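A quick write-up on the structure given underneath.
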Amino acid sequence: MKRISWDEYFMNMAELAAKRSSCIRRQVGAVLVRDNQVLSTGYNGAPKGLENCCDTGVCLREKLGIPSGERHELCRAVHAENNAITQCAVNGTSCKGATIYVTASPCTMCTKQIINAGIVRIVAKELYPDDMAKKMLEESGISLELYGSL
């Protein structure tokens with residue numbers, strides 16, 4: 001019997017997490033893993049207790065015509081990577097030395113958190129258009145691998 005690889009297993013989980021997203025524009029999922037054990041998951045959506053974009057029917061960035069990869073501060077959603085890291089913090093679990101599986105590579109804001117959280121490897125299904133994030137990852141030494149080309 002042929003089993004799927006660990007990377008495929010965890011990326012499938014990230015894709016499943018993305019299905020919980022409440023973002024109108026882009027559904028992203030993330031899974032934080034260390035030693036082949038899931039630490040936490042996350043998806044993009046409004047902070048706890050606040051109305052989601054899918055409920056309001058409005059994406060401010062889309063309404064203003066802001067291109068993907070720009071003006072993240074205008075987004076109502078907390079990004080999937082941020083939510084996964086936050087869940088670790090809430091539960092008292094360190095992310096140090098972990099791998100994060102994401103359906104889209106991190107933006108600059110999430111990249112900063114990934115660096116500070118001590119995450120050492122990112123496996124992304126697709127690349128997000130953010131040159132600054134890519135440059136910061138290169139400087140940090142964190143591995144960014146495109147899933148499917150592994």
Side-chain angles (χ1 to χ4, degrees), residues 4-34 38-91 93 95 98-150:
I4 63 174
S5 70
W6 285 112
D7 284 337
E8 185 175 1
Y9 179 65
F10 295 125
M11 187 56 74
N12 285 342
M13 286 183 177
E15 290 172 337
L16 184 61
K19 293 177 188 280
R20 285 282 309 152
S21 171
S22 60
C23 182
I24 295 170
R25 197 171 192 179
R26 180 187 297 261
Q27 293 71 48
V28 179
V31 178
L32 264 169
V33 176
R34 187 176 48 241
V38 174
L39 303 175
S40 68
T41 64
Y43 54 88
N44 54 333
K48 285 183 183 183
L50 301 184
E51 201 168 29
N52 289 297
C53 296
C54 65
D55 299 325
T56 66
V58 176
C59 170
L60 180 58
R61 292 176 69 234
E62 193 167 275
K63 185 178 175 180
L64 296 173
I66 297 169
S68 190
E70 297 178 17
R71 303 293 313 271
H72 294 108
E73 75 278 6
L74 296 177
C75 181
R76 184 171 185 81
V78 177
H79 289 185
E81 304 93 325
N82 186 323
N83 275 322
I85 292 167
T86 299
Q87 283 305 306
C88 279
V90 165
N91 293 312
T93 304
C95 300
T99 294
I100 190 165
Y101 291 83
V102 288
T103 56
S105 62
C107 69
T108 299
M109 292 168 44
C110 289
T111 295
K112 294 174 193 178
Q113 289 189 315
I114 287 168
I115 293 167
N116 283 349
I119 295 167
V120 296
R121 180 177 178 236
I122 301 166
V123 179
K125 186 172 181 185
E126 66 181 54
L127 295 176
Y128 186 71
D130 192 325
D131 291 335
M132 180 180 262
K134 290 175 197 163
K135 185 174 182 338
M136 291 176 90
L137 288 172
E138 287 171 8
E139 288 177 33
S140 72
I142 294 173
S143 169
L144 172 60
E145 301 168 26
L146 190 58
Y147 178 76
S149 63
L150 301 175

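The shown structure was predicted, so the numbers you read here are calculated from the model rather than taken from an experiment. Every heavy atom of this structure was used, including side-chain atoms; hydrogens, water molecules and symmetry mates were not.
Once rounded to the nearest 0.5 Å, the distance linking CD1 of Ile114 with SG of Cys95 reads 9.5 Å. To the nearest 0.5 Å, atom CZ of residue Arg34 and atom CD1 of residue Ile100 are 13.0 Å apart. Taking OG1 of Thr111 as the start and CG of Asn116 as the end, the distance is 11.0 Å to the nearest 0.5 Å. Atom OG of Ser140 is separated from atom CD1 of Ile122 by 7.5 Å, given to the nearest 0.5 angstrom.
The aromatic rings of Trp6 and Tyr9 sit perpendicular to each other, their planes meeting at more than 60°, with 30° as the lower class boundary.
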Please step through salt bridge (Lys or Arg N to Asp or Glu O under 4.0 Å) for the pair Asp130 and Lys135, ending with a clear verdict.
CA-CA 9 Å; Asp130 192 325; Lys135 185 174 182 338; over 6 Å; no

Determine, stepwise, if the pair Asp7 / Met11 fulfils side chain to side chain contact (heavy atoms under 4.5 Å, CB included).
CA-CA 6 Å; Asp7 284 337; Met11 187 56 74; over 6 Å; no

Candidate pair Lys112 and Met136, rule side chain to side chain contact (heavy atoms under 4.5 Å, CB included), full reasoning
CA-CA 8 Å; Lys112 294 174 193 178; Met136 291 176 90; 3.6 Å; yes

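The minimum heavy-atom distance between Glu81 and Cys107, with the atom names listed, is OE2-N, 4.5 Å. Contact between Leu39 and Cys88 at its shortest, heavy atoms only, is CB-SG, 3.9 Å.
Every residue two or more places apart in sequence or in another chain that forms a salt bridge (charged side-chain N to carboxylate O under 4.0 Å, His left out) with Arg71 is listed here: Glu73. Partners of Glu126 under the salt bridge (charged side-chain N to carboxylate O under 4.0 Å, His left out) rule, at least two apart in sequence or in another chain, are Arg26.
Open room surrounds NZ on Lys125; 12 or fewer heavy atoms of other groups in view lie less than 6.0 Å from it.
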